[in-house]
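We number each residue from 1, following the sequence as shown.
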Amino acid sequence: MKVISSRDFNQDVSQAKRAARIEPVFVTDRGRTTHVLMSIEAYRKLSGQTETIVDLLAMSAPVALDVAETRSDETWDNPVNWRG
């Protein structure tokens, strides 16, 4: 088990991420553990999640969309109606 202070974590996040690939990294603030950094694989095992994001996206059924009904030329052609 690796333990680092929040100050050390802030000074070298890359080192903490490298260590978290091997084992969870406990981050302390004034001597108390406040956070745990772990790899996504370790998190998935801990949470019981077995699917990857690719699996989840592949499971989604395609959505039928009638573009003609959803688009109003007036909205797209008038800059006052643009959002962004």
Worksheet, complete the sentence: Closest non-hydrogen atoms of P24 and V36, given as atom of the first, atom of the second and distance, are CB-CG1, 4.0 Å
Worksheet entry | Separation of S39 OG from K17 NZ (nearest 0.5 Å) | 12.5 Å
Worksheet item: Just how far is it from atom CG of D29 to atom CZ of F9, taken to the nearest 0.5 Å?
Response: 12.0 Å
Worksheet item: So do M1 and V25 actually touch side chain to side chain, heavy atoms under 4.5 Å?
Response: no
Worksheet entry | Test item: N10 side-chain N/O and S6 main-chain N/O as donor-acceptor pair under 3.5 Å | yes
Worksheet entry | Distance in Å, H35 NE2 paired with T28 OG1, rounded so as to fall on 0.5 Å steps | 11.5 Å
Item to complete: Taking the side chain as every heavy atom from C-beta outward, state whether F26 and L37 have any pair of such atoms under 4.5 Å apart.
Response: no
Worksheet item: Checking side-chain contact (heavy atoms from CB on, under 4.5 Å) for the pair T33/V27: CA distance, chi angles, key distance, verdict?
Response: CA-CA 6 Å; T33 302; V27 182; over 6 Å; no
Practice prompt. Kindly compute the distance separating CD (E23) from CE (M38), expressed to the nearest 0.5 Å.
Written response: 11.5 Å
Item to complete: Please assess K2 against I4 for the test side-chain contact (heavy atoms from CB on, under 4.5 Å), listing each intermediate value before the final yes or no.
Response: CA-CA 7 Å; K2 175 114 174 137; I4 64 171; 3.9 Å; yes
